[in-house]
Structures are given as C-alpha cells and as structure tokens.
Amino acid sequence: MTKSEQLFQQACGLMPGGVNSPVRAFGSVGETPRFIRKADGPYMIDVDGRQYLDYICSWGPMILGHNHPVIREKVIEACMNGLSFGAPTEAEVKMAELICGIIPSVEMVRMVNSGTEAVMSAIRAARGFTGRNKIVKFEGCYHGHSDALLVKAGSGVMTAGVPDSSGVPAGCTQDTLSAVYNDLDSVRNLFEKNPGEIAAVIVEPVAANMGVVPPAEGFLQGLRQICDQNESLLIFDEVITGFRLALDGAQGYYGVRADLVTYGKIIGGGMPVGAYAGRKEIMEMVAPSGSVYQAGTLSGNPVAMAAGIAQLTILKEHPEIYRHINEMGEKLYGGIEEIIKEAGVPCQMNHVGSLGSLFFTGQKVENYADAKTSDTGKFARYFRYMLEHGVHLAPSQFEAMFLSNAHTEDHVELTLDLIRDYMKNMYQTE
Ligand code: KE4
C-alpha cells in the first residue's frame, strides 16, 4: 500500500470523500489521489517520493510555478509581523492600488477570501445597485458554490433554474436563469421573458469549468450590447482568466468591458484570496459606504496580501511571462491537435492562451451539451496513463489544463511524446 493510499483511507474516515474539495478525490478517474508533500517550479512530489509534471497549478494560482522564491520570501517577511490583525493594513491599500491600476474598468475593489465569496458578493452588489433580482448565468459555467449559482439549466434554457445540489431550496434559485454559452439568442429570449427584472448576466469570459470552451466570435461583445440595452450589469467571472489571459485578463484580451469583475486564484499567489471590483458607483453600494452588506474576518489578510502583491508585481513587471505561457500553450495544445489528427481519434482540443482541454468526443465542443458528449471513461484511461508516466493532469474531463511560467519547451515535448504514444498505441486498444 502506498502512503497516498494509506492517507486516503484515513482521510475518508475524517473528511467527506477524504478531501476538502470534491474534484481532488479523483472520483471520475478511478485512481487514488496523490497526496502531495511539496512542489517546485512545474513539479509536484507526492508522499511516496514520486515526481509529477503538474498541469493543475493549484487550479490556476501558480502561474509563476510552485514555490516561487520571491513570493515565499515576501510571505515569510509578512509572517514576522504577525498573521492577522482585523484592522486595516498598508498591504491592502497596495493590493487595491495594484488591481485598480492594472484593470481599466476597475475603480474600486473589495478583497474577500475565495472566488465563491467574490462572485456571491458581486451578485449581491449588482442586485443592490439595480434593484432587480434575476441573474442570468450559463449552463456549464461554474461560479463557486453559493446557493443561487448552483443551478443547471432545466429542460430548455427558459427554465428559471433548478438546484444542482441537494440542500438548496428552490427559493434560492428561482431568480437564477440559465442560458446556453455562445448562444446570444438564448440570452435575448430570457430578457424578453423577464423585462426589467434582470440585474446582471454573469459569464466566464472563457468557460473553463465544462472543460475549456472559448467564446465564439462576437459572443462577449453581444452580451455587452444586450446588457446595455436592458440596463443590466455584465459581470465577468475572471477567477480563472483574471491576470492569466493577459495582465488585464479577458477584458483586455477580448476588448470587452465588464461592469463588475471577480477574481481569485492568481491574485492570492497561492493564498486564499478573492476580490470583486468595478465602477465606483456600483462598489460604493457595498458596506460600510453603502447598503449592500458583506464582511470577512480574514479579508485582506496581510500575509495573503503579501503573496498576492508579490505575484501581481512580478506579472506587471515582466510582460514576457505572458508571451512565454501563451507560446507554451500554442506549442502544447497545437501539438495535441496535430497528434489527434494524425492518430485519427475522435477528440477535440479547445484552448485559449495557457488554458486548454482535450475532450474525448467526436464533435466540436462549443457549449455544455457538446461537452457532455465526451466519453469520460476514455478520459479516465488517458488520465491514468499520463499519471503513471509522471504527468499530473486535472482529474476530470470537465476541467482545464493550466500552464505556468515554469513550464518549458522540454516539458511540452515530453508531454506531447507521451500523448502521441498514448493516442497511437493505447487509445486503439482501450
Ligand atoms: P473558489 O471558491 O474555489 O476560490 O472559486 C470558485 C470559482 C469561481 N469562478 C470560477 C470561474 C472558478 O473556476 C472557480 C473555482 N474553480 C475550480 C476549478 N474549476 C476550483 C477547484 C475546486 O473546486 O477545487
């Protein structure tokens, strides 16, 4: 029995599913999760001493690679002054100044402790600002686990939304409407059916929680127009894309301005940080300056701020990092496209910049229904093959691969060789 297996057995008696976040349990890939002892650069090392080339990057935060020396030093330095005061600190001012200085649409920001908290609070601010209750989200998009957003479109996009999780009363989701990603008509229909009632549309500007699904040409611009026409707010959930697609995230990458934007992951540098931000007239609605209440004991925690400030400062001062991770993305995902074409296997490779997903389906994947045609059993076998050969992918067909600045061409070539071998020799025999 490996140490991971021992720990997992023990963990399953102590934590639901043995983990503190469901996807980590490897439930859909039929393997024992690897318990990680340490990580460095592009690698993770598990408790049995096995090294893996890592494409999870902690689900996005580790854009500079694991255990970056500058971030580590800044965190240790901050710890020397104490961990938390429950009082304002200069670090929070610096962090707010950084974000407001980098993101043109952002005039004011509130720090919280997770992406879930950021989205939940942004929705409340949008409802408070517009005086409206309804929210449009897209099936297949994930915005954290707050009640109102745990909604999967019922039959058809016109349904008001049904809870995706037990324990969520229908009352919490009655104002959540689901549209189809990349289908502007499905959004227009909801606005026609709910005139003057929709506070906001929330969207992952690049969907990455049904696997990676890029926005179709004109989709984001179309959402901007529809929101303007209906005096609703457009919320970009940039918990994944923020500070990844470009320094100014999807707003800069696609040239579409959101009214509110949510962040997480990268802005924490590996520490628990989220944020919601936008125009002053909206953000000033938030307590204590306004009537929209939101609070948090550890929001803006000085140690977490130290990590986030260090990471954002490095990204701001080194634009070449974006050139590198996007180049590695082109090489890796473009290389996989060639491999699946050569092997003639029914797979799709969707990617934007350093984000990508290999779908095991013969059809194009442009929305959740397409993504759901994927053969998750085939994905699981591919995942296990890569893990056995020292490459740790995200343990789900419906998650993204993440690249970091620590990934080099050699890492990409090694990965492509393994995938080529799998598709040529293993796929046929599965
Ligand atoms: P957190 O509460 O997990 O910090 O953020 C929620 C969230 C919000 N919005 C988007 C677009 C997100 O992708 C997420 C969280 N992403 C998942 C990975 N797909 C986190 C991994 C996990 O759930 O363990």
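Atoms within a ligand are numbered from 1 in the order they appear, just like the ligands themselves.
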*Asks:* Quick check, are the ring centers of Phe402 and Tyr55 under 6.0 angstrom apart?
*Replies:*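 Here the rings of Tyr55 and Phe402 have centres that are no less than 6.0 Å from each other.
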
*Asks:* Can you list the ligand 1 atoms lying under 4.0 Å from a non-hydrogen atom of Val23?
*Replies:* 24 (O)

*Asks:* For ligand 1, note which part of Arg24 has a heavy atom under 4.0 Å away: side chain, backbone, both or neither.
*Replies:* neither

*Asks:* Check each heavy atom of Thr116 against ligand 1 and say whether those closer than 4.0 Å belong to the side chain, the backbone, both or neither.
*Replies:* both

*Asks:* I'd like the name of whichever of Phe398, Tyr263, Tyr142 reaches closest to atom 11 (C) of ligand 1 through any heavy atom.
*Replies:*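 Of the listed residues, Tyr142 has the closest heavy atom.
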
*Asks:* Of all the atoms in ligand 1, which lie at a distance below 4.0 Å from a heavy atom belonging to Ile240?
*Replies:* 13 (O)

*Asks:* Closer than 3.5 angstrom, by distance alone: can the side chain of Asp54 be matched with the main-chain N or O of Met44 as a donor-acceptor pair?
*Replies:*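 Not at all, since once roles are kept as given, no pair shorter than 3.5 Å links the two residues.
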
*Asks:* Considering the heavy atoms of Gly144, write down every atom of ligand 1 situated less than 4.0 Å from one of them.
*Replies:*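 What qualifies from ligand 1 is 6 (C), 7 (C), 8 (C).
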
*Asks:* Given the side-chain rings of Phe360 and Tyr382, with only the six-membered ring counted for Trp, is the space between their centroids under 6.0 Å?
*Replies:*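 Aromatic pair counts; centres sit under 6.0 Å.
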
*Asks:* Taking the six-membered ring for Trp and the full ring for Phe, Tyr or His, determine whether the centres of His389 and Tyr52 are under 6.0 Å apart.
*Replies:*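 For His389 and Tyr52, the ring centres are not under 6.0 Å apart.
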
*Asks:* Quick one: nearest non-hydrogen protein atom to atom 4 (O) of ligand 1, plus distance?
*Replies:*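 So the nearest neighbour among protein heavy atoms is Gly115 N, 2.9 Å.
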
*Asks:* So which protein heavy atom does atom 9 (N) of ligand 1 come closest to, and at what separation?
*Replies:*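 Closest protein heavy atom to atom 9 (N) of ligand 1: Asp237 OD2, 2.7 Å.
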
*Asks:* Could you check whether Phe219 and Tyr181 have their ring centres less than 6.0 Å apart?
*Replies:* yes

*Asks:* Going by atom types only, do Asn182 and Asn367 share a side-chain donor-acceptor pair under 3.5 Å?
*Replies:* no

*Asks:* Out of Thr241, Val112, Asn209, whose heavy atom is nearest to atom 13 (O) of ligand 1?
*Replies:* Asn209

*Asks:* What are the atoms of ligand 1, with element, lying closer than 4.0 Å to any heavy atom of Glu204?
*Replies:*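 Listed by number with element: 11 (C).
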
*Asks:* Would you check if Gln311 and Phe243 make a side-chain contact, meaning some heavy-atom pair closer than 4.5 Å?
*Replies:* no

*Asks:* Any chance the rings of Phe383 and Phe26 have centres within less than 6.0 Å?
*Replies:* yes

*Asks:* Starting from atom 21 (C) of ligand 1, find the nearest protein heavy-atom neighbour and note its residue, name and distance.
*Replies:*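 Ranked first by proximity to atom 21 (C) of ligand 1 is Trp59 CG, 3.8 Å.
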
*Asks:* Give a yes or no answer on whether the side chain of Glu117 reaches the backbone of Asn113 with a donor-acceptor pair at less than 3.5 Å.
*Replies:*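 Yes, the answer is positive, given that a donor and an acceptor are paired below the 3.5 Å cut-off.
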
*Asks:* Select one of side chain, backbone, both or neither to describe which atoms of His145 lie under 4.0 Å from any atom of ligand 1, heavy atoms only.
*Replies:*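 No part of His145 is near ligand 1 at this cut-off.
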
*Asks:* Enumerate the atoms of ligand 1 whose separation from the nearest heavy atom of Ser114 is less than 4.0 angstrom.
*Replies:*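 Selected atoms, number and element: 2 (O), 4 (O).
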
*Asks:* Show me which atoms of ligand 1 lie under 4.0 Å from any heavy atom of Glu399.
*Replies:*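 Near Glu399, meaning under 4.0 Å from one of its heavy atoms, ligand 1 has 18 (C), 19 (N).
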
*Asks:* Suppose I only count heavy atoms of His143 and a 4.0 Å limit; which atoms of ligand 1 are within that range?
*Replies:* 8 (C), 9 (N)

*Asks:* Does Lys316 form a side chain to side chain contact (heavy atoms under 4.5 Å, CB included) with Leu247? I'd like the steps, not just the answer.
*Replies:* CA-CA 7 Å; Lys316 183 182 172 190; Leu247 183 62; 4.2 Å; yes

*Asks:* Side chains of Glu139 and Ser178: donor-acceptor distance under 3.5 Å anywhere?
*Replies:* no

*Asks:* What protein heavy atom sits nearest atom 20 (C) of ligand 1, and how far off is it?
*Replies:*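 For this ligand atom, the closest protein heavy atom is Lys265 NZ, 3.4 Å.
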
*Asks:* Closer than 4.0 Å to some heavy atom of Ser21 - which atoms of ligand 1 meet that?
*Replies:* 22 (C), 23 (O), 24 (O)

